[in-house]
Amino acid sequence: EPEVTQTPSHQVTQMGQEVILRCVPISNHLYFYWYRQILGQKVEFLVSFYNNEISEKSEIFDDQFSVERPDGSNFTLKIRSTKLEDSAMYFCASSGGLAVTGELFFGEGSRLTVL
Amino acid sequence: AQSVTQLGSHVSVSEGALVLLRCNYSSSVPPYLFWYVQYPNQGLQLLLKYTSAATLVKGINGFEAEFKKSETSFHLTKPSAHMSDAAEYFCAVIKDNNNDMRFGAGTRLTVKP
């Protein structure tokens, strides 16, 4: 069964360092998403991406964050200069259609720890 | 703007008992509502979704949810809990018919033997 895969599963970094989280969405999907879940809190929407550009983003997704689909298969989330409060589980998701009509398929997450 | 509220951060039931996880939505237009499940150390998996086709929605693993407009609710139920149902459950809504899916705070379900 096709699945969304994420790497790394866990990354520890120092405050101020750049981090790139990688995702391989399901191959025929067109919409891509990043969510995050701070420990013990709700899952929060960060950004959605379609046709090589951001389609929606939340207030969390500030200038420190960027997304890219560099090679037609990977979908990356970059945090330019990490802060302690960026420590969270980051989930990538993809869907074949709009979220309202299509199911979002989630990866298992990348846990980011910022020291 | 659409949002969801899950009542009860933790629900504990005995194996074989009824499971009821509560979700209320706020929306000025008919919403698109979802229930997702998260097993330990895993991603989110869709249980079921409401997209206005039918008010009673059946999902995987014996779960179902009923959309009640008069109560602005979309509670998740299962007649008989199984140990394998222990997980975190999230109610979600699509915000303003776009790709921005908003999740509730989650309800952790514990099933006692």
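Reminder, nothing fancy here: chain letters follow the sequence lines and each chain counts from 1. Both backbone and side-chain heavy atoms feed into the values below; hydrogens, waters and symmetry mates do not.
Residue B:Q6 holds its CD atom at 8.5 Å from NZ of A:K42, rounded to the nearest 0.5 Å.
B:V57 and B:V19 end up in the same hydrophobic cluster when Ile, Leu, Val, Met, Phe, Trp and Tyr side chains are linked at under 4.5 Å. Residues A:I38 and A:L21 do not share a hydrophobic cluster, clusters being chains of Ile/Leu/Val/Met/Phe/Trp/Tyr side chains in contact below 4.5 Å. Under the 4.5 Å side-chain heavy-atom criterion for Ile, Leu, Val, Met, Phe, Trp and Tyr, B:I94 and B:L46 are members of the same hydrophobic cluster. Follow the hydrophobic side-chain contacts under 4.5 Å out from B:F63 and you reach B:V93 in the same cluster. By the rule that hydrophobic residues join a cluster once side-chain heavy atoms approach within less than 4.5 Å of another member, A:F65 and A:V47 end up as members of one cluster.
Under a cut-off of 6.0 angstrom, the local environment of CZ in B:R22 is sparse, with at most 12 non-hydrogen atoms contributed by other residues, nucleotides or ligands.
Minimum interatomic distance between B:L44 and A:F106 (heavy atoms only, all atoms of both residues): O-CB, 3.4 Å. Here the shortest heavy-atom pairing between B:F103 and A:V43 reads CB-O, 3.4 Å. Of all heavy-atom pairs between A:F45 and B:R102, the closest is CB-NE, 4.4 Å.
The part of A:Q37 that comes within reach of chain B is its side chain, from C-beta onward, which places non-hydrogen atoms under 4.5 angstrom from that chain.
Per-residue counts of heavy-atom pairs under 4.5 Å with chain B were compared for A:M89, A:Q41, A:Q6, A:E108; the largest is that of A:E108.
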Evaluate the side-chain contact (heavy atoms from CB on, under 4.5 Å) criterion for residues A:L104 and B:F34: first the C-alpha distance (whole Å), next the side-chain angles of each, then the deciding distance (0.1 Å), finally the verdict.
CA-CA 10 Å; A:L104 267 65; B:F34 305 78; over 6 Å; no
